[in-house]
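The structure appears right after this line, and notes come after that.
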2 protein chains.
Amino acid sequence: MSAPKLLLVEDDTALAELVEYRFRGEGYDVRTTDDGDEALLLAAEDTPDLVLLDWMIGGTSGIEVCRRLRRNKSTAHVPIIILTARSDEDDRVRGLETGADDYVTKPFSPRELIARVGAVLRRVRPALAGETITVGDLALDPTAHRVTRSGQAIKIGPTEFRLLRHFMEHPGRVFSRGQLLDAVWGSGSDIELRTVDVHIRRLRQAIAIPGAPDPVRTVRSAGYALEGV
Amino acid sequence: MSAPKLLLVEDDTALAELVEYRFRGEGYDVRTTDDGDEALLLAAEDTPDLVLLDWMIGGTSGIEVCRRLRRNKSTAHVPIIILTARSDEDDRVRGLETGADDYVTKPFSPRELIARVGAVLRRVRPALAGETITVGDLALDPTAHRVTRSGQAIKIGPTEFRLLRHFMEHPGRVFSRGQLLDAVWGSGSDIELRTVDVHIRRLRQAIAIPGAPDPVRTVRSAGYALEGV
DNA sequence: GCGATTTGTTACGCAGTCGTGACGTGCGTA
DNA sequence: TACGCACGTCACGACTGCGTAACAAATCGC
């Protein structure tokens, strides 16, 4: 459940197989395609946590896939790592400008790629890398599925857990109800916006400490945010 | 069951005999072959706990055996130690990238190899190295197949033993029913997910102490975890 | 200050999940 | 052959957590 989902877009079948099984060995959930259009389709129906994107692929070019991933709402913030045979500086610049998060030049060792993926995930979504996130006096351990506040264990439901994790992955940032529904409930869920309010309340109740201020901030007509450090 | 099973793939007969003899002396269960294809066959029919793989063998090359071991689901996570006469750096890199866990250059002393095997097993599967694992007031002795809680011996079935061992190898971590089936029953077993529940119950019943809290934690809609330290 | 909008809070029915006991089967042993 | 043991499956019941609606409170624009 907590396995990070990778989408590998690569038309060198041998390389794709190698990368795929190495990442599986590392506990990742990998899906592979050699076609740019199919990549966009796969990404849309089940948002991956990170995209490994070959620069030169059939169908659509890498830069175009990158651009269109960014344009789509549900995949706009998914980190992308570009794989390219050309060590051309232009490519690198264009890739990063298009919104890629990192850039690996072929030939690369799977070990290096795994390290890069780990680094990007740790930076963007620490919980996916299996690391305990800490915000203020809150701590969330994704592998143990456990939340503590000031060291004290907290009883929390599954939805509240995911909600809190999302907040803790982006501390201080304000999310609208719609954004929270997309991120926590999954995009395409037919849930009333007001339902978020109820879960916010349940979350507040769960992590409340008498006397201490509420770490969940309401931003009127905008949404909610977790009080940053 | 408690003796770690090694698969030795080596075409130097004299060396193979020596290694086999020494490891048997250390309490390992060793099977030997000089052929890559046969190695894959042996590994498939009875998954070993570790593979010692000569880099240059007849039939299939070492790197190919390595790759195909990883591709097969049941052997994908078996640790591999490469034995090679060439101290070539390229080999070393390629071996590790293909998924080997360690690398020993010929000529090596049996003593060194035994140490390396022990180190890898301890890292990957502590219980296989014959070490008693302790989590809280639970202790599990893999060689004696015995479990104690607060010093008191506990009667426990084979499946519950493997289940508890897996939990104790990763204390605190939450496992889904599917993950537990893969880890305890073996991947590819056609077992109902709910069957896990029943064995969890039997495990709980076996290790229960009246008055003491249940060390097995249910994480709703996620799985089960053993209460860490 | 007053109406309108937004948010907090509570209660409730429902679906999904989990615990538990019972049952049938296969296998090794006495 | 009879027995015991461990296993996998099922069915039932209890419970938890979910989503929604309805009402109360707070905040904003005027």
Side-chain angles (χ1 to χ4, degrees), chain A residues 1 145-147 153-167 174-208 210 213-227, chain B residues 1 145-147 153-167 174-208 210 213-227:
Chain A
M1 173 112 298
H145 249 261
R146 176 168 283 163
V147 179
I154 279 173
K155 188 167 142 34
I156 194 171
T159 307
E160 282 72 52
F161 182 85
R162 273 177 286 137
L163 184 59
L164 177 61
R165 183 171 80 180
H166 185 251
F167 275 128
V174 177
F175 294 99
S176 71
R177 291 173 175 72
Q179 288 175 316
L180 289 173
L181 281 180
D182 280 354
V184 177
W185 278 257
S187 49
S189 60
D190 258 5
I191 307 276
E192 288 289 324
L193 285 175
R194 290 300 313 276
T195 299
V196 175
D197 295 35
V198 180
H199 285 276
I200 288 284
R201 159 147 175 82
R202 287 170 182 160
L203 174 60
R204 278 174 165 150
Q205 221 161 14
I207 66 177
D214 182 3
V216 179
R217 185 162 52 102
T218 303
V219 183
R220 196 180 166 84
S221 68
Y224 298 94
L226 183 68
E227 222 53 84
Chain B
M1 170 108 293
H145 234 261
R146 183 159 26 211
V147 179
I154 279 173
K155 189 167 139 41
I156 194 171
T159 307
E160 284 72 36
F161 181 85
R162 274 178 285 136
L163 185 58
L164 178 61
R165 184 174 74 183
H166 185 252
F167 274 129
V174 175
F175 294 98
S176 71
R177 297 179 207 320
Q179 287 176 318
L180 289 173
L181 280 181
D182 279 354
V184 177
W185 278 259
S187 48
S189 60
D190 256 6
I191 306 277
E192 288 289 324
L193 286 175
R194 290 299 311 274
T195 298
V196 175
D197 295 34
V198 181
H199 285 275
I200 288 283
R201 160 151 173 78
R202 287 169 183 162
L203 173 60
R204 277 174 166 150
Q205 229 160 10
I207 65 178
D214 182 3
V216 179
R217 182 163 59 104
T218 303
V219 182
R220 199 179 166 83
S221 72
Y224 297 95
L226 182 68
E227 218 58 77

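Here is the naming used below: chain letters follow the sequence lines, and residue numbers restart at 1 for every chain. Heavy-atom basis, side chains included; hydrogens, waters and symmetry copies ignored.
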Arg204(A) (side chain) donor-acceptor with Val216(A) (main chain) under 3.5 angstrom: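 A pair under 3.5 Å: yes.
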When the distance from [atom1] of [X] to [atom2] of [N] is rounded to whole Å, what number comes out?
X: Glu192(B); N: dT9(D); atom1: CD; atom2: C1'; result: 7 Å
X: Trp185(A); N: dT20(D); atom1: CH2; atom2: P; result: 10 Å
X: Arg204(B); N: dG19(C); atom1: CZ; atom2: P; result: 5 Å
X: Asp190(A); N: dT20(D); atom1: CG; atom2: P; result: 9 Å
X: Gln205(B); N: dG21(C); atom1: CD; atom2: P; result: 7 Å
X: His199(A); N: dT7(C); atom1: NE2; atom2: P; result: 17 Å
X: Tyr224(A); N: dT7(C); atom1: OH; atom2: P; result: 6 Å
X: Arg194(A); N: dA24(D); atom1: CZ; atom2: C1'; result: 12 Å

Nucleotide nearest Pro158(B) when distance is taken to its side chain, options dA6(D), dG19(C), dA22(C):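 Taking heavy atoms from C-beta onward, the closest nucleotide is dA6(D).
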Per Val198(A) side chain, nearest of listed nucleotides dT9(D), dT17(C), dT10(C):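 Of the candidates, dT10(C) comes closest.
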Side-chain heavy-atom pair Val147(A), Arg165(A) within 4.5 angstrom cut-off: no
Leu203(B) side chain reached by Ile156(B) side chain, heavy atoms, under 4.5 Å: yes
So, is [X] near the phosphate of [N], with a side-chain N or O under 4.0 Å from OP1 or OP2?
X: Thr159(A); N: dC18(D); result: yes
X: Lys155(A); N: dG17(D); result: yes
X: Ser221(B); N: dT17(C); result: no
X: Arg201(B); N: dC18(C); result: no
X: Thr195(A); N: dT20(D); result: yes

Comparing Arg177(B) and Asp197(A) on DNA chain C - which has the more 5′ nearest nucleotide: Asp197(A)
Val219(A) vs Arg202(A), nearer the 5' end of DNA chain C by closest nucleotide: Val219(A)
Mutual orientation of the aromatic rings belonging to His166(A) and Phe175(A) [parallel < 30°, tilted 30-60°, perpendicular > 60°]: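 His166(A) and Phe175(A): tilted rings.
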Ionic contact status for Glu192(A) with Arg177(A), cut-off 4.0 Å: no
Earlier contact from the 5' end, DNA chain D, for Glu160(A) and Val196(B):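 First, find each residue's nearest nucleotide; the 5'-ward one identifies Val196(B).
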Polar pair under 3.5 Å, donor/acceptor by atom type, side chain Arg220(A), base dT5(C):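 By the distance-only test, yes, there is a pair.
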